[in-house]
Protein chains: 2
Amino acid sequence: MHTRRRYHHGDLRAALLTRAEETLRERGPAALSLRELARDLGVSHAAPSRHFKDKQALLDALALTGFHRLAQTMTAALEETGESFAERLRAGAHAYVEFATANAELLDLMYAIKHAPEASEELSAASQRWIAQMENLIGDAQRRGEVRDGSLESVGIGVFSSLHGYASLVAGDHLPPEVRAQGLDDLVAYILRGCAPE
Amino acid sequence: MHTRRRYHHGDLRAALLTRAEETLRERGPAALSLRELARDLGVSHAAPSRHFKDKQALLDALALTGFHRLAQTMTAALEETGESFAERLRAGAHAYVEFATANAELLDLMYAIKHAPEASEELSAASQRWIAQMENLIGDAQRRGEVRDGSLESVGIGVFSSLHGYASLVAGDHLPPEVRAQGLDDLVAYILRGCAPE
DNA sequence: ACCTGAACACCGTTCAAGT
DNA sequence: ACCTGAACACCGTTCAAGT
């Protein structure tokens, strides 16, 4: 029992990320401090630097885990639904908005402007993965004749923008209550109109 | 000449906001420090607290100036264009995206989740002003028969979401280059389809 | 009214040193 | 490899005191 944990409880890197996400969710990004994380995990304040070269590196890693979880959520949601574009879009939209509201601060971090140059490559790849996911969805629907012709980009840009914009506005609590109530259903109907064949 | 400025150069509050926006733009939000602002303006580090009760209050005030400038920009853009919905939408979309790219960090701040409770009322009022602006635009277009019937909210939600989402994605550099090139034109066409009468 | 100066309790980061 | 302890140069905030 005493050889299992050498200095701390096993995997400091993972523990830091987990704890960081908790405080991010509970007390916001401004409250995130490396020293406090170290204190909470019973480790010296210099220990985190073994795993993250600086604070930004930890934030970048946190954002990356967010994208991975988002991709999983989306995939799971799309597997559990029907084949029609309307059903798949609705499922995807619900999953994205649910993730956004359940992880509002993390979503902010994921799409934050300031990322370290080293991490930004990995991060933008991750952010473009769900764009690709949506593009696949659109491509399939085009082949089924449920979405208008045109390049994936030209049809997709509206879908990404609508979904991301709505999720951001809802997560940030920037929509008046009248809009929020029926909002997602209205949005899906609007997206379907924007995608409908001519 | 020596009675004009007592301790500093006249209006510390305005000077703080101006300087803060400069460093926000040039070095990002993490680089914003009250002490450095005070140093730059040749004033003691405790002076800012006379005008902003804490750092968050300064950030909130900065976000508010952003909303005011955005509203001005939008109004100006809409005054210089034609009467058709297509023209007005295009003008508004261009203005919003231009503002977003020219003030990317500020936009992040404006829509940040974490605002002080006292300021959030004023801020959400400001954020809902441009939503109202868009709703007016939509209402006018409905009366002209250029936009489908339905409540302003149900038609508007798609327009806000699309515009805000696209602006955020572009400002944050989260769109692949292929998409960015023709993106705004594609987006406007998509929004028009989503709004078109049945 | 508006600002200063000192004080307090925090930060992030680095680096020799320990195991 | 992984972590500690001390050190350095910063922070935000508060508060008596000055003009």
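Sequence lines set the chain letters: A, B, ... in the order given, protein chains first and strands last, and positions in each chain run from 1.
B/E153 pairs by the salt bridge (Lys or Arg N to Asp or Glu O under 4.0 Å) definition with nothing, not counting sequence neighbours. Scanning for salt bridge (Lys or Arg N to Asp or Glu O under 4.0 Å) contacts around A/E178 gives an empty result, with sequence neighbours left out. Every residue meeting the ring pair (Phe, Tyr, Trp, His ring centres under 6.0 Å) condition with B/F67, not counting sequence neighbours, appears here in chain and number order: B/Y111. Residues satisfying the salt bridge (Lys or Arg N to Asp or Glu O under 4.0 Å) criterion with B/R25, sequence neighbours excluded, are B/E21. Applying the salt bridge (Lys or Arg N to Asp or Glu O under 4.0 Å) criterion to B/D54, with sequence neighbours excluded, gives no partner residue.
Rounded to an integer number of Å, the gap from A/L41 CG to D/dC2 C1' is 15 Å. We find that NE2 of B/H51 is positioned 16 Å from C1' of D/dT13, with the value rounded to whole Å. To the nearest angstrom, C1' of D/dA1 lies 16 Å from CZ of A/R13.
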Nucleotide N/O of nucleotides 9-12 of chain C paired with protein N/O under 3.5 Å:
{"from": "C/dC11", "atom 1": "OP1", "to": "A/R39", "atom 2": "NH2", "distance (Å)": "3.2"}
{"from": "C/dC11", "atom 1": "OP2", "to": "A/R39", "atom 2": "NH2", "distance (Å)": "2.4"}
{"from": "C/dC11", "atom 1": "O5'", "to": "A/S33", "atom 2": "OG", "distance (Å)": "3.3"}
{"from": "C/dG12", "atom 1": "OP1", "to": "A/L34", "atom 2": "N", "distance (Å)": "2.9"}
{"from": "C/dG12", "atom 1": "OP2", "to": "A/L34", "atom 2": "N", "distance (Å)": "3.2"}
{"from": "C/dG12", "atom 1": "OP2", "to": "A/R35", "atom 2": "N", "distance (Å)": "3.0"}
{"from": "C/dG12", "atom 1": "N7", "to": "A/R35", "atom 2": "NH1", "distance (Å)": "2.5"}
{"from": "C/dG12", "atom 1": "O6", "to": "A/R35", "atom 2": "NH1", "distance (Å)": "2.7"}

Got a list of side-chain donor-acceptor pairs under 3.5 Å for residues 183-195 of chain B, not counting sequence neighbours?
{"from": "B/Y190", "atom 1": "OH", "to": "A/G158", "atom 2": "O", "distance (Å)": "3.4"}
{"from": "B/Y190", "atom 1": "OH", "to": "A/S162", "atom 2": "OG", "distance (Å)": "2.9"}
{"from": "B/R193", "atom 1": "NE", "to": "A/G194", "atom 2": "O", "distance (Å)": "2.8"}
{"from": "B/R193", "atom 1": "NH2", "to": "A/G194", "atom 2": "O", "distance (Å)": "2.9"}

Result block: side-chain N/O donor-acceptor pairs under 3.5 angstrom for residues 86-98 of chain A, not counting sequence neighbours:
{"from": "A/E87", "atom 1": "OE1", "to": "A/S84", "atom 2": "OG", "distance (Å)": "3.0"}
{"from": "A/R88", "atom 1": "NH1", "to": "A/L78", "atom 2": "O", "distance (Å)": "3.3"}
{"from": "A/R88", "atom 1": "NH1", "to": "A/G82", "atom 2": "O", "distance (Å)": "3.1"}
{"from": "A/H94", "atom 1": "ND1", "to": "A/R90", "atom 2": "O", "distance (Å)": "3.2"}
{"from": "A/Y96", "atom 1": "OH", "to": "A/H164", "atom 2": "ND1", "distance (Å)": "3.0"}

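Salt-bridge annotation for A/R27 and A/E22: absent, with no side-chain N of the basic residue lying under 4.0 Å from a carboxylate O of the acidic one.
Where B/S44 and A/K53 meet DNA chain C, the nucleotide closest to each residue was compared, and B/S44 sits on the side nearer the 5' end. When the nearest nucleotides of DNA chain D are assigned to A/R50 and B/A46 by heavy-atom distance, the more 5′-ward of the two goes with A/R50.
For DNA chain D, the stems formed by at least three consecutive Watson-Crick or G-U pairs, with both atom-pair distances below 3.5 Å, span C:4-8 with D:12-16, C:12-16 with D:4-8.
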